Peer 1: 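The structure that follows is given in the form of structure tokens.
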Amino acid sequence: MHAVGLITEYNPFHNGHLYHVQEAKRVTDADAVVAVMSGNFVQRGMPAVMDKWQRTALALEGGVNLVVELPIAFAVQPAHLFARGAVMLLADLQVETIVFGAEHAELDFMGLAQQAHATLADSEHFKQDYTKTYATQFNDVIEALVGYRIESPNDLLGFAYANAVIELGLQGEISLHPIQRKQAQYHDRELDQNTEVASATALRLASGQSVAQLKQYMSTTGATALARGGQVVPIDEAWLTSLLFKVRTTPVTGLEQIYQLNDGLAYRLKALAEKKQYQTVADLLDDFKSKRYTRSRLSRTLLYVLLNMTQVEVMTALNQPYLRILGQDQVGRKYLKYIRDLTQLPVINRVSHQDVQTIMALDYRAGMIYQLFTRPEFDQSPQDTGRIPIYFER
């Protein structure tokens, strides 16, 4: 059996994702579609609009055969770590091709990434420029090669995937296949009545609208779920209060143990939290951000604080990836059996007491916090313990 891999958040699953699934299978003629999907928190440091179980069910309905969770230590990270974790899992799942959407699908992502790596390795100028990060220097080289600055989010992720393949030594084992993004752009904030494809951003903003309004852009099942509104309370309510409580009651020395809350950021955050009664997370981020740190970086940092993710815990988790099976259909189940003797990472179907104390400690904690802030009209079941993978019968 041959599998194609997708790296996803499905926040939420919509018609653009459906097109991605269908095209991935068409261009690769794969027997199985395997998706690595973020869990209950997404890359920018925010809770997903629906929990990982609802999003898994919608992905399976949309044609994905196997859904595996991307652990939070990789999922809530900048592009290079997000990509590295996802590519690592797909490689262990014996995926041969990763298909991804891109704003400029005509680019040779792997070829350009290889050229950029060679240039950076050979150039004394780049080696001695300590004012720029490696990522910035990499983008400088790509700009010189293609003639324009790569700024579109999915193009940037495409190069992150290419870098991960190179750095993990997977050239020749995994190929990349970009497909052109269809209609809606990543950051579009409004639903376009003249198309059936909307951005995930626009759909999240439209959560709580009627099924009739939403089903133009997603399945009826998905529209029905999204029409209920976001699964957790708004972040400017209990989330913000809990975050400020954590910061105000924790000494700076304790805050400095939090992942990436370094270089004076712990002092800065504590001073802000104690000085002002913030009403929104956006206002806090406005005061917290600086020229040195992007808003996205600090948004993730606030989540690390809320989840009490320490530097030691995250670094340990980054070196202990695993395959948490969230859902499968008949084909996905057959594929897992086919590769059973080839995978090297631990495979988790049912979470054990030992798992939540060791390899899954961070994801278990994240699930408990997501459950804590779940609105009362939604299922209050634990996110990890007592769960088994969803089985979708076609």
Side-chain angles (χ1 to χ4, degrees), residues 8-13 35-42 45-62 64 66-76 200 203-204 207-208 211 214 218-235 237-239 241-243 303 306-309 317 322-329 332-333 336 346-393:
T8 68
E9 290 188 323
Y10 293 152
N11 188 34
F13 190 95
V36 168
M37 185 187 80
S38 301
N40 290 321
F41 294 89
V42 296
M46 294 293 165
V49 69
M50 305 173 195
D51 70 26
K52 58 191 177 187
W53 301 104
Q54 287 196 77
R55 287 162 34 241
T56 293
L58 293 175
L60 293 170
E61 179 192 53
V64 175
L66 176 64
V67 182
V68 177
E69 181 174 3
L70 181 63
I72 193 169
F74 292 104
V76 185
L203 285 168
R204 289 193 298 273
S207 65
V211 174
L214 296 171
M218 57 201 311
S219 71
T220 300
T221 308
T224 301
L226 194 61
R228 299 179 67 191
Q231 186 166 338
V232 295
V233 298
I235 61 168
E237 296 178 9
W239 294 92
T241 301
S242 299
L243 174 66
L303 180 64
L306 184 63
L307 298 183
N308 199 33
M309 295 171 61
Y322 56 86
L323 301 173
R324 171 77 190 282
I325 310 301
L326 294 177
Q328 60 201 313
D329 63 6
R333 179 175 289 179
L336 274 178
V347 177
I348 299 175
N349 285 289
R350 186 187 293 271
V351 176
S352 69
H353 180 67
Q354 182 179 4
D355 291 331
V356 302
Q357 292 185 319
T358 54
I359 196 170
M360 276 195 61
L362 288 181
D363 285 279
Y364 176 64
R365 187 185 308 161
M368 287 195 297
I369 297 302
Y370 193 93
Q371 177 192 1
L372 180 66
F373 291 123
T374 293
R375 291 164 49 207
E377 58 268 36
F378 285 81
D379 181 11
Q380 299 291 313
S381 301
Q383 284 292 310
D384 293 292
T385 53
R387 298 267 194 168
I388 60 174
I390 295 171
Y391 182 71
F392 186 84
E393 185 80 43

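This structure is a prediction, so every number in the text was calculated from the model and none was measured.
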Peer 1: Is the shortest side-chain heavy-atom distance between Lys52 and Met37 below 4.5 Å?
Peer 2: yes
Peer 1: Within this structure, what is the OG-CD distance for the pair Ser207 and Gln231, rounded to the nearest 0.5 Å?
Peer 2: 11.5 Å
Peer 1: What are the two closest non-hydrogen atoms of Val233 and Ala238, and how far apart are they?
Peer 2: CG2-CB, 4.1 Å
Peer 1: Check whether any side-chain heavy atom of Tyr364 sits under 4.5 Å from a side-chain heavy atom of Thr385, and report yes or no.
Peer 2: yes
Peer 1: Hey, mind stepping through Leu58 and Met50 against side-chain contact (heavy atoms from CB on, under 4.5 Å) and telling me if it holds?
Peer 2: CA-CA 10 Å; Leu58 293 175; Met50 305 173 195; 3.8 Å; yes
Peer 1: Do the side-chain N and O atoms of Tyr370 and Asp384 include a donor-acceptor pair separated by under 3.5 angstrom?
Peer 2: no
Peer 1: Under the side-chain contact (heavy atoms from CB on, under 4.5 Å) rule, what do Gln383 and Trp53 come out as? Steps first, then yes or no, please.
Peer 2: CA-CA 8 Å; Gln383 284 292 310; Trp53 301 104; 3.4 Å; yes
Peer 1: Of all heavy-atom pairs between Phe74 and Ala317, which one has the smallest distance, and what is that distance?
Peer 2: CE1-O, 4.3 Å
Peer 1: Would a 4.5 Å heavy-atom cut-off, applied to side chains only, mark Leu362 and Leu307 as touching?
Peer 2: no
Peer 1: Short question: side chain of Arg375, backbone of Gly230 - any donor-acceptor pair under 3.5 Å?
Peer 2: yes
Peer 1: Looking at Gly332 and Asp329, what are the two nearest heavy atoms and their distance?
Peer 2: N-OD1, 2.8 Å
Peer 1: Given side-chain contact (heavy atoms from CB on, under 4.5 Å), test Phe392 with Val67 step by step and report yes or no.
Peer 2: CA-CA 11 Å; Phe392 186 84; Val67 182; over 6 Å; no
Peer 1: So, taking the atom named CG in Leu326 and the one named CD in Glu69, what distance separates them when rounded to the nearest 0.5 Å?
Peer 2: 5.0 Å
Peer 1: Would you say that more than 12 heavy atoms from the other residues, nucleotides or ligands in this model lie under 6.0 Å from the CD1 of Ile388, or not?
Peer 2: no
Peer 1: Distance from Ile72 atom CD1 to Ser38 atom OG, nearest 0.5 Å?
Peer 2: 9.5 Å
Peer 1: Taking side chain as C-beta onward, heavy atoms only, is Arg55 less than 4.5 Å from Phe13?
Peer 2: no
Peer 1: In Å, rounded to the nearest 0.5 Å, how long is the span from OH of Tyr10 to OG1 of Thr56?
Peer 2: 10.0 Å
Peer 1: Distance from Glu9 atom CD to Met46 atom CE, nearest 0.5 Å?
Peer 2: 12.5 Å
Peer 1: Taking the side chain as everything from C-beta on, heavy atoms only, tell me whether Phe41 gets closer than 4.5 Å to Asn11.
Peer 2: no
Peer 1: Return the minimal non-hydrogen interatomic distance between Gln328 and Pro389, and the atom names on each side.
Peer 2: NE2-CB, 3.9 Å
Peer 1: Taking side chain to side chain contact (heavy atoms under 4.5 Å, CB included) as the criterion, tell me which of Leu303, Ile235, Asn40 meets it with Pro47.
Peer 2: Ile235
Peer 1: Within the structure provided, determine whether Pro382 and Met368 are in side-chain contact (heavy-atom separation under 4.5 Å).
Peer 2: no
Peer 1: Kindly confirm or rule out a cation-pi arrangement of Arg333 over Tyr391, judged by NZ or CZ under 6.0 Å from the six-membered ring centre and within 45° of its axis?
Peer 2: yes
Peer 1: With a 4.5 Å heavy-atom cut-off, do Val76 and Val42 have their side chains touching?
Peer 2: no
Peer 1: Has Gln354 got more than 12 heavy atoms of other residues, nucleotides or ligands less than 6.0 Å from its CD?
Peer 2: no
Peer 1: What are the two closest heavy atoms between Ser242 and Phe373, and how far apart are they?
Peer 2: OG-CZ, 3.4 Å
Peer 1: Can a side-chain donor-acceptor contact be found between Gln380 and Gln371 if the only test is distance below 3.5 angstrom?
Peer 2: no
Peer 1: Distance-only, no hydrogens or angles: does the Ser219 side chain make a donor-acceptor pair with backbone N or O of Gly222 under 3.5 Å?
Peer 2: yes
Peer 1: On a heavy-atom basis, which atom in Ala223 and which in Met218 lie closest, and how many Å separate them?
Peer 2: N-CG, 3.7 Å
Peer 1: Does Arg365 use its side chain to pair, donor to acceptor, with the backbone of Met360 at less than 3.5 Å?
Peer 2: no
Peer 1: Could you tell me whether the side chain of Glu237 reaches within less than 4.5 Å of the side chain of Trp239, counting heavy atoms only?
Peer 2: no
Peer 1: Side chain of Thr8, backbone of Val36: donor and acceptor closer than 3.5 Å?
Peer 2: yes
Peer 1: Please step through side-chain contact (heavy atoms from CB on, under 4.5 Å) for the pair Ile359 and Ile348, ending with a clear verdict.
Peer 2: CA-CA 10 Å; Ile359 196 170; Ile348 299 175; 4.1 Å; yes
Peer 1: May I ask you to decide if Arg387's main-chain N or O and Arg350's side chain share a donor-acceptor pair within less than 3.5 Å?
Peer 2: no
Peer 1: CG of Leu226 to CG of Leu203: how many Å apart, nearest 0.5 Å?
Peer 2: 6.5 Å
